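This report concerns only the one structure given below.
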Amino acid sequence: MSHCVKLFGSLALLLLLTTSSNAFPNRKRQSFANQFLAPQNAARSVLRMRPMVWDAKLAHYAQWYANQRRYDCALKHSNGPYGENIFWGSGTGWTPAEAVVAWTSERKWYNYGSNSCAQGQQCGHYTQIVWSSTRRVGCARVTCTGGKGVFMTCNYDPPGNYVGERPW
């Protein structure tokens, strides 16, 4: 892929993520589901992938798990049957779109040629979002007790990030 195409792809992703998270100054206008879904589908769109759809069953599972983390805000995975991304931020102002931007920003560390992350970096959140066979997503957000921050999680079906397989 040429440098210009990579640059265009990065700029397109940035533009799509920015517009999807900031296009609605009053975030209540954009549905809770769409605050998670739009920026993830923007990342998939850059790769010409089919968009994911919101799944109520996955959202219910995500809410169930987020409620368990409400008391400690610990970055622990649920170890459930789905793919999963988790996010923690201090304070209370974190939005779903900001969690997704944190996950998709790992794109810069992923090397498709070697199907690996840069040494010492994470890129599994990004690759889960763009895993080509994933079709459904459901997410949740909780404000943790005692000022511990915000915990968000998204669950994906079918899951991705299989060792030795490429995301697309």
Side-chain angles (χ1 to χ4, degrees), residues 10 13-44 51-110 116-131 134-163 167:
S10 295
L13 177 61
L14 180 61
L15 176 62
L16 287 167
L17 290 173
T18 302
T19 58
S20 64
S21 62
N22 294 328
F24 301 95
N26 177 358
R27 287 187 173 93
K28 300 241 185 245
R29 289 186 192 167
Q30 188 181 25
S31 77
F32 177 76
N34 204 45
Q35 289 179 50
F36 280 108
L37 192 58
Q40 291 188 77
N41 280 334
R44 292 173 68 87
M52 292 184 288
V53 297
W54 188 259
D55 185 280
K57 179 181 173 185
L58 293 171
H60 179 76
Y61 180 86
Q63 190 63 60
W64 168 81
Y65 186 65
N67 287 341
Q68 292 184 44
R69 297 276 62 94
R70 180 184 306 270
Y71 303 102
D72 62 9
C73 236
L75 281 173
K76 296 179 183 175
H77 283 280
S78 70
N79 297 316
Y82 308 113
E84 183 171 71
N85 282 343
I86 57 176
F87 171 91
W88 172 83
S90 64
T92 60
W94 293 95
T95 67
E98 289 169 325
V100 175
V101 167
W103 296 329
T104 57
S105 70
E106 293 175 0
R107 178 180 188 260
K108 65 182 168 274
W109 305 120
Y110 178 67
S116 64
C117 299
Q119 187 172 359
Q121 301 298 327
Q122 291 186 1
C123 58
H125 300 101
Y126 168 71
T127 55
Q128 174 57 78
I129 290 169
V130 298
W131 199 265
T134 298
R135 298 290 176 247
R136 294 170 297 284
V137 63
C139 307
R141 178 193 187 280
V142 294
T143 301
C144 299
T145 60
K148 293 183 184 90
V150 171
F151 180 89
M152 289 184 252
T153 181
C154 287
N155 291 97
Y156 304 86
D157 192 48
N161 287 341
Y162 291 103
V163 175

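Basis for what follows: all heavy atoms, side chains included, without hydrogens, waters or symmetry-related copies. Fair warning: this is a prediction, and the values are worked out from it, not measured in the lab.
In this structure, the salt bridge (charged side-chain N to carboxylate O under 4.0 Å, His left out) partners of Arg69, at least two apart in sequence or on a different chain, are Asp72. By the side chain to side chain contact (heavy atoms under 4.5 Å, CB included) test, Thr134 is found to be paired with Arg44, Met52, Gln128, Trp131, Tyr156, residues two or more places apart in sequence or in another chain being considered. Residues passing the side chain to side chain contact (heavy atoms under 4.5 Å, CB included) test with Ser116, sequence neighbours excluded: Ser114. Under the ring-ring contact (aromatic ring centres under 6.0 Å, His included) criterion, Trp94 pairs with Phe87, not counting sequence neighbours. When the side chain to side chain contact (heavy atoms under 4.5 Å, CB included) test is applied to Lys57, the partners found at least two apart in sequence or on another chain are Asp55, Tyr82. Glu84 pairs by the side-chain hydrogen bond (donor to acceptor under 3.5 Å, both in side chains) definition with His77, Ser78, Asn155, not counting sequence neighbours.
Residue His125 holds its NE2 atom at 10.0 Å from OG of Ser105, rounded to the nearest 0.5 Å. To the nearest 0.5 Å, atoms CZ (Arg107) and CD1 (Ile129) are separated by 12.5 Å. Here CZ of Arg70 is found 11.5 Å from CD of Gln68. Values are rounded to the nearest 0.5 Å. How far OH of Tyr110 is from OH of Tyr126: 8.5 Å, rounded to the nearest 0.5 Å.
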Quiz item: Would Lys108 and Cys123 satisfy side chain to side chain contact (heavy atoms under 4.5 Å, CB included), going step by step from the backbone distance to the final call?
Solution: CA-CA 8 Å; Lys108 65 182 168 274; Cys123 58; over 6 Å; no
Quiz item: Given Leu37 and Val137, is the side chain to side chain contact (heavy atoms under 4.5 Å, CB included) satisfied, shown in steps?
Solution: CA-CA 8 Å; Leu37 192 58; Val137 63; 3.5 Å; yes
Practice problem: With side chain to side chain contact (heavy atoms under 4.5 Å, CB included) as the test, would you mind laying out the steps for Arg141 and Phe32 before giving the verdict? | Solution: CA-CA 10 Å; Arg141 178 193 187 280; Phe32 177 76; 4.1 Å; yes
Exercise. Go through the steps for Cys154 and Phe36 under the test side chain to side chain contact (heavy atoms under 4.5 Å, CB included), then give the verdict.
Key: CA-CA 8 Å; Cys154 287; Phe36 280 108; 3.5 Å; yes
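With contacts defined as side-chain heavy-atom distances shorter than 4.5 Å, the pair Met152/Ile86 does not qualify. Counting heavy atoms from C-beta outward, Leu58 and Asp157 have side chains that approach closer than 4.5 Å. Taking the side chain as every heavy atom from C-beta outward, Trp103 and Glu98 never approach each other to under 4.5 Å. Side-chain contact between Glu106 and Cys117: absent, with no pair of heavy atoms (C-beta onward) separated by less than 4.5 Å. For the pair Cys139 and Gln40, the minimum side-chain heavy-atom distance is below 4.5 Å.
Nearest heavy atoms, Gly83 versus Pro159: N-CB, 3.2 Å. Gly80 and Tyr61 get closest at one heavy-atom pair: CA-OH, 3.1 Å. When every heavy atom of Gly124 is checked against every heavy atom of Asn85, the shortest pair comes out as O-OD1, 4.3 Å. Across all non-hydrogen atoms, the minimal contact from Asn34 to Pro39 is O-CD, 3.8 Å.
Side-chain atoms of Thr143 do not come within 3.5 Å of backbone N or O of Val150 as any donor-acceptor pair. In this structure, Asn41 contributes its side chain and Pro51 its backbone to no donor-acceptor pair below 3.5 Å. Judged purely by atom type and a 3.5 angstrom limit, Trp109 has no side-chain atom pairing as donor or acceptor with the backbone of Gly120.
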